[in-house]
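Remarks on the structure that follows.
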Amino acid sequence: MIKITFPDGAVREFEKGIAALDIAKGISSGLAKKLLAAEVNGEVVDLTRPIETDAALNLLSWDDKGGQSTFWHSSAHLMAEAIEALYPGTKFGIGPAIESPKGFYYDIELPEGQKISTEDLPKIEKKMKELASKQNDFVRKEVSKADAVAYFKEKDDQYKLDLLEGLEDGEITFYTQGDFTDLCRGPHIPNTNKIQAIKLLNVAGAYWKGDENNQMMTRIYGVSFPKKDQLAHHLEMLEEAKKRDHRKLGAQLGIFMFSEKVGAGLPIWLPHGTALRTILEDFLKKEQLKQGYTPVITPHVGKKDLYVTSGHYEKYGEDSFQPIETPRENEEFFLKPMNCPHHCEVFAHMPRSFRDLPVRIAEFGTVYRYEQSGELHGLTRVRSFTVDDAHIFCTPDQLKEEFIDVLELIKMVISKLGFKDFTAQVSLRDPANKEKYIGSDENWDKAERMIQEAAAEVGLETVVETGEAAFYGPKLDFMIKDALGRSWQLGTVQVDYNLPERFELEYVGSDGQKHRPVMIHRAPFGSMERFIGVLIEHCAGNFPLWLAPEQVRVLPVAEKFLDYAKEVSKILKINDIRSTVDTRYERIGKLIRDAETQKVPFMLIVGEKEQEAETVNVRQHGKGDLGTISTTEFVEQIHKELQDN
RNA sequence: GCCAGUGUAGCUCAGUUGGCCAGAGCAGCUGAUUUGUAAUCAGCGGGUCGGGGGUUCGAAUCCCUCCACUGGCUCCA
């Protein structure tokens, strides 16, 4: 007999070798039906795997992450089965479940001369459903390495053979469902009949093992669910995300554009986008002034030597825009890929005393980085962007306090912009590869501890990623969830021991000796481009009033009220409310419709009644008619709403 | 960069077994309508069919090449 401990702490005895599924059946057949996998002593395994020792057991259904990923992984196998049936001779790479986008994929190489495009997906989908309805069990089998190699040699599948090379004899398992057998660690759901709803989403290229020197394979993405309505809901969410796409809304709302002539990945800010960005920048600038930052402005290029000193040339020189040369002296300049080297020079231009520290140098600095053409994407992946950058030079003793202040600032900025859900990702060095990092062991340990303490003190929920630190110091990134539950990495704070060293920065301490300052890089928005891209999608283009490029549009009911409309708009402008007048001679319904589609927060409709009484009829975007009030009253209401924010 | 796909008017899209002067709606312009809460009516203008090259009697349509955009490029069997 073995002892099984359930999540609620209950302990019961079962016969040795019993499967989780049988235990569940003993509890209730309804429960057993819902289950997808089991977690035995923290490891996700097949429901049918015999349990041989005392164990903690957690039964996994669709509501558990482990249940979902098992389900999707099994769906990948089902897809592979369908593909093998439709395209015999296909070779298979890997087929995992994935988190984002939700679902699974399989990397395949089709037989010579064949290819798959989006149009072929429904056919594969149909085959998958047909195979699922055969209600095949997923059967696990332990295989010797020799047998496994023989099997895939027979199939001439070099990818699986490549994978087998990295595996030890004795740890190799096969899973079979129907006519399809795959090298797989598992686990899997018990039977294909659980897979009730399937949608294959797209086809893409992917390098074997993600290395661009390797063979390019075809990757097919899909998603599946135990119930049909879950799939329908999922597809609705994807539709909603499409509607909110910042590339679409950005064009529609006159926020930004790209021009083939100007160049790919070089965003151009249109009037509405410029207004939005200026408001955000002004907001942060004001906050930073309060907190003792000193703004500077530095050039968009720097001499090669600057980047040789900073070390960026050695690391990124080949992969950045190539230098600009002066015609006679042949001096080389680089477009600046970051602002820190310039800011280090600002720090170094005069002797610094410990009394001056911390020095907080801030700049909305536009930087230029070469991205491969295929990696460009709207505003979120571009070749020129503006960082809301600042570099804090402080003594090691001041580091923690400065770090905390920065975290508070970023927290404030994020919540002010309507993001409710965010966590901090703390990236530490890989303790096994300490030589990869610059700076003393002692400093690293101190900084890593400091970051975690600081995050705890400001009440940030943190996730620690070991090995993700930059070579020059540990960092903390803000991971922000938008209205659709998607996660984005925005603000960032990084500790840097490297640049002060390379630029030989120093300050005079109270002891009269020279000391090296520590540097913090920080950017609450990250980049204006990326942040605004995410913001557009978060609020679906319906910006909060204080950010709306056009806050109020005055709509005259007929041409003869145009003068009154202009008068109203002028009063609003005098009162710092961004307002325009729609001067077109169109029906009021048309004017309203256009203002609504352009997501203008307030529309003021004016006609004879309003003109005579010096009032405005207020209509709010998405809400409709709010009634008539005096113009001054409206101004007060708007001011109040802006204040409360 | 690589794989797959897309590129027709400012926008959304029709037109492909190669064949008369390439179409529609919206937007724009002109005129009429002077209007009360999500599209007034009529007329007009607008396209090197992404650029270049080729095949052909004939190319938006087929081939090559370049450009831009879209989905992706280890969340390990």
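Chain A is the first sequence line, chain B the second, and so forth, proteins listed ahead of strands; every chain is numbered from 1. Model, not experiment: these values are computed from the prediction.
A:I98 comes within 4.0 angstrom of a base, heavy atoms only. A:G374 comes within contact range of at least one nucleobase, with a heavy-atom separation under 4.0 Å. Note on A:N202: only backbone sugar-phosphate atoms sit closer than 4.0 angstrom, heavy atoms only; bases stay farther off. Note on A:K609: a base of the nucleic acid sits closer than 4.0 angstrom, heavy atoms only. Backbone-only engagement by A:Y221 is indicated by non-hydrogen atom pairs under 4.0 Å involving sugar-phosphate atoms exclusively. Nucleic acid contact for A:I592: base, since at least one base atom lies under 4.0 Å from a heavy atom of the residue. Residue contacts for A:E610: at a heavy-atom cut-off of 4.0 Å it reaches a base atom on one of the strands shown. A:A204 comes within contact range of at least one nucleobase, with a heavy-atom separation under 4.0 Å. As judged by a 4.0 angstrom heavy-atom cut-off over every strand, A:Q620 is placed among residues making no nucleic acid contact. No contact: A:L555 has no heavy atom under 4.0 Å from any strand. Within the 4.0 angstrom heavy-atom criterion, base atoms lie near A:E586. Residue A:P101 is classed as a base contact, given a heavy-atom separation below 4.0 Å to a base.
Here A:H73 does not reach the OP1 or OP2 of B:C76: none of its side-chain N or O atoms lies under 4.0 Å away. Look at A:R593 and you won't find any side-chain N or O under 4.0 angstrom from OP1 or OP2 of B:G36. Regarding contacts with the backbone of B:U33, every side-chain N or O of A:R587 stays at 4.0 angstrom or more from both OP1 and OP2.
Side chain to side chain, A:D482 and A:W488 meet the donor-acceptor criterion of an N or O pair below 3.5 Å.
No donor-acceptor contact under 3.5 Å links the side chain of A:E260 to the base of B:G51. Between the side chain of A:Y207 and the base of B:G72, no donor-acceptor pair of N or O atoms lies under 3.5 Å. With hydrogens and angles ignored, no donor-acceptor pair under 3.5 angstrom links the side chain of A:D107 to the base of B:U74. Within 3.5 Å, a donor on the side chain of A:E375 pairs with an acceptor on the base of B:C73, or the reverse. Counting distance only, with no hydrogens placed and no angle test, the side-chain atoms of A:R219 and the base atoms of B:A4 include no donor-acceptor pair under 3.5 Å.
As the counterpart of B:A24, B:U12 is assigned, both hydrogen-bonding distances of the Watson-Crick or G-U wobble pattern falling under 3.5 Å. In this structure, B:U6 forms a base pair with B:A68, meeting either the Watson-Crick or the G-U wobble geometry with both donor-acceptor distances under 3.5 Å. Under the Watson-Crick and G-U wobble criteria, each requiring two contacts below 3.5 Å, nucleotide B:U61 is left unpaired. Nucleotide B:C76 has no partner under the Watson-Crick or G-U criteria, as no pair reaches both atom distances under 3.5 Å. Under the Watson-Crick and G-U wobble criteria, each requiring two contacts below 3.5 Å, nucleotide B:U40 is paired to B:A32.
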Fill in: Stepwise side-chain hydrogen bond (donor to acceptor under 3.5 Å, both in side chains) check, A:Q177 with A:E81
CA-CA 8 Å; A:Q177 93 275 11; A:E81 184 184 1; 3.0 Å; yes
Item to complete: Evaluate the side chain to side chain contact (heavy atoms under 4.5 Å, CB included) criterion for residues A:D46 and A:R140: first the C-alpha distance (whole Å), next the side-chain angles of each, then the deciding distance (0.1 Å), finally the verdict.
Response: CA-CA 9 Å; A:D46 301 324; A:R140 179 177 189 274; 3.3 Å; yes
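At whole-Å resolution of the value, CZ in A:R185 and P in B:A77 are 5 Å apart. Atom NZ in A:K261 sits about 12 Å away from atom C1' in B:G50, given to the nearest Å. Atom-to-atom, NE2 of A:H377 to C1' of B:G72 comes out at 12 Å; the value is rounded to the nearest Å.
Salt-bridge formation is not detected for the pair A:D211/A:K209: no Lys NZ or Arg NE/NH1/NH2 atom is positioned less than 4.0 Å from an Asp or Glu carboxylate oxygen. Look at A:D182 and A:K160 and you find a salt bridge, because one of the NZ, NE, NH1 or NH2 atoms lies within 4.0 Å of a carboxylate O, short of that distance.
In the set B:C73, B:G36, B:C3, B:G36 carries the atom at the smallest distance from any side-chain atom of A:I588. Which of B:A77, B:A38, B:G28 sits closest to the side chain of A:Y106 comes down to B:A77. For A:Q372, taking side-chain heavy atoms from C-beta onward, the closest of the listed nucleotides B:G1, B:A38, B:G36 is B:G1. Of the listed nucleotides (B:A77, B:U37, B:G72), B:G72 has the atom at the smallest distance from the side chain of A:M216. Of the candidate nucleotides B:G36, B:U34, B:A39, B:A39 has the atom nearest to the side chain of A:K590.
Projected onto RNA chain B by closest heavy-atom contact, A:G263 and A:S117 fall at different nucleotides, the more 5' of which corresponds to A:S117. Comparing A:A264 and A:V618 against RNA chain B, the residue whose closest nucleotide sits nearer the 5' end is A:V618.
Taking the centre of each ring, A:F256 and A:F258 come in below the 6.0 Å mark.
With sequence neighbours left out, A:R244 forms a salt bridge (Lys or Arg N to Asp or Glu O under 4.0 Å) with A:E240.
Between A:H73 and A:H188, the ring-plane angle classifies as tilted under the 30° and 60° cut-offs.
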